[in-house]
Asks: 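Here's a structure for you.
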There are 2 protein chains.
Amino acid sequence: MLTIGKLGDAAGVKVPTIRYYEQIGLLPEPERSAGNQRLYGKSALERLAFIRHSRELGFPLEAIRDLLSLSDRPDQSCAAADIIAKDQLAAVEARIARLTALKAELERMITQCAQGTIADCRIIEVIGDHSHCAQDHRTSEAVG
Amino acid sequence: MLTIGKLGDAAGVKVPTIRYYEQIGLLPEPERSAGNQRLYGKSALERLAFIRHSRELGFPLEAIRDLLSLSDRPDQSCAAADIIAKDQLAAVEARIARLTALKAELERMITQCAQGTIADCRIIEVIGDHSHCAQDHRTSEAVG
DNA sequence: CCTGAAGTCTCTAGCAGCTAGAGGTTCAAG
DNA sequence: CTTGAACCTCTAGCTGCTAGAGACTTCAGG
């Protein structure tokens with residue numbers, strides 16, 4: 001039996017994140033010790049590792065919820081899993097395409113910047129007016 | 001003078017977003033009509049278009065705040081703008097690299113899936129165990 | 001001039017996916 | 001038996017908006 005901290009270490013997931021997953025129903029409520037602390041077994045570790053790996057692969061939590069419920073029914077067809085994975089692949093590809101367009105635009109801006117003053121800075125100028133852009137990159141794309 | 005709706009249409013930004021930008025100090029508080037409605041001039045439109053385009057280029061709002069304050073001082077050096085843009089480019093490139101690794105992993109999973117049952121589905125199996133992966137993709141990457 | 005619809009106002013709450021903190025309890029080592 | 005790390009619950013915060021409630025303003029048509 002693992003405490004939440006050990007579980008987190010074993011799966012590479014932070015403790016508050018585990019509690020969060022429990023709260024939103026991705027992880028089942030575990031047993032508790034006499035002193036009310038969470039105790040986890042091997043299956044919880046496997047499930048958490050599954051979740052973590054899915055997150056690393058970029059699946060949103062809702063997709064992971066679906067994948068988990070699929071993996072709970074081993075004798076069913078895996079077509080649904082295939083669809084989820086393909087959707088994710090499509091999302092990743094779309095994101096790469098958008099980011100690649102952004103990259104080109106940023107590179108263009110930067111190479112054109114003559115390092116003078118703001119008044120004739122291509123960066124500020126290009127940002128101020130989309131018509132200076134070579135490409136369309138209209139869909140917004142957050143980059144943390 | 002433009003009402004907030006017209007401004008939004010002109011800049012391609014939704015009305016609540018404009019109010020949000022004002023709230024966080026990205027846009028100055030505009031004049032008001034006799035009936036307390038916001039009224040914007042040309043400079044507000046330019047500023048908002050600048051913000052929108054920056055967002056399209058993926059700049060986070062804090063970076064946009066800096067870019068805006070730079071563009072308010074046209075006679076200064078544009079080195080700071082250059083740094084912000086280069087940081088953004090680096091962030092975009094890092095993101096592309098991570099997504100490309102994810103893409104490869106997803107493709108591998110999907111092509112290996114024999115479309116049988118969950119029990120022998122490579123997708124579920126690979127997700128369940130990172131050691132099945134060809135590459136490292138440890139940094140998590142959200143894809144909306 | 002009046003009506004009604006569209007637009008605007010403020011305020012609060014919600015989305016993803018956590019993360020951080022307060023203030024208190026439990027557990028394990030020494 | 002004491003200490004201090006780890007645990008508990010609860011609330012609030014992060015980014016960048018978006019949605020809704022309930023009230024007011026504006027404008028076009030009649």
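A quick note: this is a predicted structure, and the numbers were derived from the prediction, not measured.
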Asks: How would you list, by chain and number, every residue that makes a salt bridge (charged side-chain N to carboxylate O under 4.0 Å, His left out) with B:R73, sequence neighbours excluded?
Replies: none
Asks: Heavy atoms under 4.0 Å is the rule here; annotate nucleotides 25-30 of chain C 5' to 3' with B where the base is hit, S where only the sugar-phosphate is, and - elsewhere.
Replies: -SS---
Asks: Looking at D:dT18, C:dC9, C:dC18, which one has an atom nearest to any side-chain atom of A:R55?
Replies: C:dC18
Asks: For a quick test of your reading: what N or O donor-acceptor pairs under 3.5 Å do the side chains of residues 1-29 of chain B make, sequence neighbours left out?
Replies:
unit_1	atom_1	unit_2	atom_2	d
B:E22	OE1	B:R38	NE	2.7

Asks: With a 4.0 Å cutoff (strictly under), does any side-chain N or O of B:R38 reach OP1 or OP2 of C:dT10?
Replies: yes
Asks: First locate atom OG1 of A:T111, then atom CD1 of A:I123, and finally report the distance between them rounded to the nearest 0.5 Å.
Replies: 9.5 Å
Asks: Only counting residues at least two apart or in another chain, list the ones meeting side chain to side chain contact (heavy atoms under 4.5 Å, CB included) with B:A80.
Replies: B:L70
Asks: Between A:L61 and B:K6, which has a closest nucleotide on DNA chain C that is more 5'?
Replies: B:K6
Asks: A:L39 CG to D:dC8 P: how many Å, rounded?
Replies: 9 Å
Asks: Hey, does the side chain of B:E105 reach the backbone of A:L57 with a donor-acceptor pair shorter than 3.5 angstrom?
Replies: no
Asks: For A:D9 and D:dA5, give me the distance from atom CG to atom P, rounded to whole Å.
Replies: 15 Å
Asks: Rounding to an integer number of Å, can you tell me how far A:Y40 OH sits from D:dA6 C1'?
Replies: 14 Å
Asks: Give the rounded distance in Å between these two atoms: CD1 of A:I4 and P of D:dT9.
Replies: 9 Å
Asks: Closest approach of B:A79 and A:Q115, non-hydrogen atoms and distance?
Replies: CA-OE1, 3.9 Å
Asks: Could you list the residues that satisfy side chain to side chain donor-acceptor pair (under 3.5 Å) with A:E125, not counting sequence neighbours?
Replies: A:H132
Asks: Round to the nearest Å and state the distance from B:M1 atom CE to D:dT25 atom C1'.
Replies: 18 Å
Asks: Please list, by residue number, the residues of residues 15-32 of chain B whose heavy atoms come closer than 4.0 Å to an atom of DNA chain C; answer none if no residue qualifies.
Replies: B:R19, B:R32
Asks: To check you understand the geometry: which heavy-atom pair defines the closest contact between A:E56 and B:L102, and what is its length?
Replies: O-CD2, 3.2 Å
Asks: Looking at A:S71 and B:I124, what are the two nearest heavy atoms and their distance?
Replies: CB-CG2, 3.7 Å
Asks: Determine: side-chain N/O of A:K14 to OP1/OP2 of C:dT19, distance under 4.0 Å, yes or no.
Replies: yes
